Amino acid sequence: MKELVEVIAKALVDDPNQVAVTETVKDDEIILELTVAPSDMGKVIGKQGRIAKAIRSVIKAAASKEDKKVTVEIQ
């Protein structure tokens, strides 16, 4: 999951070296925190949050195949 978020984010931003994904496990949930450069934040979130929603949908679909609950947070 972590690698998938990283690949998607790096494809969207101007500065892929600033992309970082940290994985935290709480109870039965995996939390992925995506950090990008401040100038690339708009590209990752998109208009009205559409790109962020799309990223979360892709990750949820991949997580459901493995019977896991994954949350993506963008910072």
Side-chain angles (χ1 to χ4, degrees):
M1 301 298 156
K2 180 179 177 179
E3 294 82 17
L4 181 59
V5 173
E6 200 169 318
V7 168
I8 293 170
K10 284 184 178 183
L12 292 171
V13 299
D14 289 333
D15 190 3
N17 296 329
Q18 294 279 335
V19 174
V21 180
T22 57
E23 185 174 330
T24 309
V25 179
K26 288 186 179 177
D27 300 326
D28 60 341
E29 182 180 8
I30 299 170
I31 299 171
L32 298 174
E33 292 182 12
L34 172 62
T35 307
V36 297
S39 60
D40 289 328
M41 191 63 80
K43 292 181 178 100
V44 174
I45 294 173
K47 290 185 179 179
Q48 296 179 348
R50 288 184 184 161
I51 295 175
K53 286 178 189 174
I55 292 171
R56 289 183 177 115
S57 295
V58 169
I59 299 304
K60 280 187 181 181
S64 69
K65 279 189 166 185
E66 297 180 16
D67 259 355
K68 296 181 180 177
K69 184 177 180 187
V70 179
T71 303
V72 178
E73 295 178 356
I74 301 171
Q75 297 182 346

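Because the structure is predicted, anything quoted here is derived from the model rather than measured.
Legend: residues meeting salt bridge (Lys or Arg N to Asp or Glu O under 4.0 Å) with Glu23, ordered by chain and number and at least two apart, are absent. A search for side-chain contact (heavy atoms from CB on, under 4.5 Å) contacts involving Glu66 returns Met1, Lys68, not counting sequence neighbours. Ile51 meets the side-chain contact (heavy atoms from CB on, under 4.5 Å) test with Leu12, Ile55; sequence neighbours excluded. Judged as a side-chain hydrogen bond (donor to acceptor under 3.5 Å, both in side chains), and not counting sequence neighbours, Ser64 has no contacts. Not a single side-chain contact (heavy atoms from CB on, under 4.5 Å) links Asp67 to another residue, sequence neighbours left out.
Here Asp15 contributes atom CG and Lys10 contributes atom NZ; the two are 10.5 Å apart, rounded to the nearest 0.5 Å. With rounding to the nearest 0.5 angstrom, the OG1 atom of Thr71 is 9.0 Å from the CZ atom of Arg56.
Considering every non-hydrogen atom in both Ile31 and Lys26, the closest pair reads CD1-CD, 3.9 Å. Closest approach of Ile74 to Met41, counting heavy atoms only: CG2-SD, 3.8 Å.
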Please test Val5 against Ile59 for side-chain contact (heavy atoms from CB on, under 4.5 Å), starting from the C-alpha separation and ending with a verdict. CA-CA 7 Å; Val5 173; Ile59 299 304; 3.4 Å; yes
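Residue pairs satisfying the salt bridge (charged side-chain N to carboxylate O under 4.0 Å, His left out) criterion with at least one member in residues 29-41, sequence neighbours excluded, are listed as follows: Asp40-Lys43.
Residues Val58 and Val21 share a hydrophobic cluster, clusters being chains of Ile/Leu/Val/Met/Phe/Trp/Tyr side chains in contact below 4.5 Å.
The neighbour count for Gln75 CD, taken as heavy atoms of other residues, nucleotides or ligands under 6.0 Å away, is above 12.
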